[in-house]
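Okay, handing you the structure first.
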Amino acid sequence: MIPIYTTDTIPVDASVGNVLQAWPEWVNEVDDIGRGLDQLAQKAAGRGAHAIVGLQICSFWSESRVRATHSLVGTAVMLGVVTAT
């Protein structure tokens, strides 16, 4: 499982490398935030991400449901060391 942060940076030392790629990743209408986090991490890791930063959770009620549903969005990042040539 990859780490997920609510901050816009990865809170570790610089040895993790530079961000080589970044893209939005999201999960819509899950009834459990924990399950949504797992789905978000699996989707991002499946595309090669090493972490998700800037996590945001939006919760809402619908007329047809008795429970809240949640949408989760974050930025998936692929890290690596860029070598100069």
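What's counted below: heavy atoms across the whole structure, side chains too, no hydrogens, waters or symmetry copies.
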Please report the closest heavy-atom contact between Ala41 and Met1, naming both atoms and the distance.
->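 Nearest heavy atoms, Ala41 then Met1: CB-SD, 3.2 Å.
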Hydrophobic cluster membership, Val27 vs Ile4, 4.5 Å side-chain cutoff =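 Yes, it is one cluster - the side chains of Val27 and Ile4 are joined through contacts under 4.5 Å.
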State plainly whether one hydrophobic cluster holds both Val73 and Trp23, where clusters connect Ile, Leu, Val, Met, Phe, Trp and Tyr through side-chain heavy atoms under 4.5 angstrom apart.
->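 Hydrophobic grouping puts Val73 apart from Trp23.
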At their closest point, which heavy atom of Gly36 faces which heavy atom of Leu72, and how far apart are they?
->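 Smallest heavy-atom distance, with atoms named: C-CD2, 3.9 Å.
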Any side-chain heavy atom of Val77 within less than 4.5 Å of one from Ile52?
->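 With C-beta onward as the side chain, the pair stays apart.
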So how far is it from Thr75 OG1 to Gln56 CD, rounded to the nearest 0.5 Å?
->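 If we round to the nearest 0.5 Å, Thr75:OG1 and Gln56:CD are 8.5 Å apart.
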Is any side-chain heavy atom of Val53 closer than 4.5 Å to a side-chain heavy atom of Val19?
->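 SC-SC contact between Val53 and Val19 ruled out.
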Give the minimum heavy-atom separation between Tyr5 and Pro3, together with the two atoms involved.
->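 So the two residues come closest at OH-CB, 3.5 Å.
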Hey, any chance Trp26 and Ile2 share a hydrophobic cluster, counting ILVMFWY side chains that come within less than 4.5 Å of each other, even indirectly?
->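 Not linked; separate clusters.
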Roughly how far, to the nearest 0.5 Å, is CG of Leu79 from CD1 of Ile10?
->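 Those atoms lie 4.5 Å apart.
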What's the shortest heavy-atom distance between Asp32 and Arg35, and which atoms?
->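 That closest heavy-atom pairing would be OD2-N, 2.8 Å.
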If every non-hydrogen atom of Lys43 is compared with every non-hydrogen atom of Glu25, which pair is closest and at what distance?
->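 That would be CE-OE2, 3.1 Å.
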Just wondering, do Ile33 and His70 contact through their side chains at under 4.5 Å, heavy atoms?
->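 Answer yes - side chains close enough.
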Nearest heavy-atom pair of Ala68 and Trp61: which atoms, and what distance?
->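 Shortest heavy-atom contact: N-CZ3, 3.4 Å.
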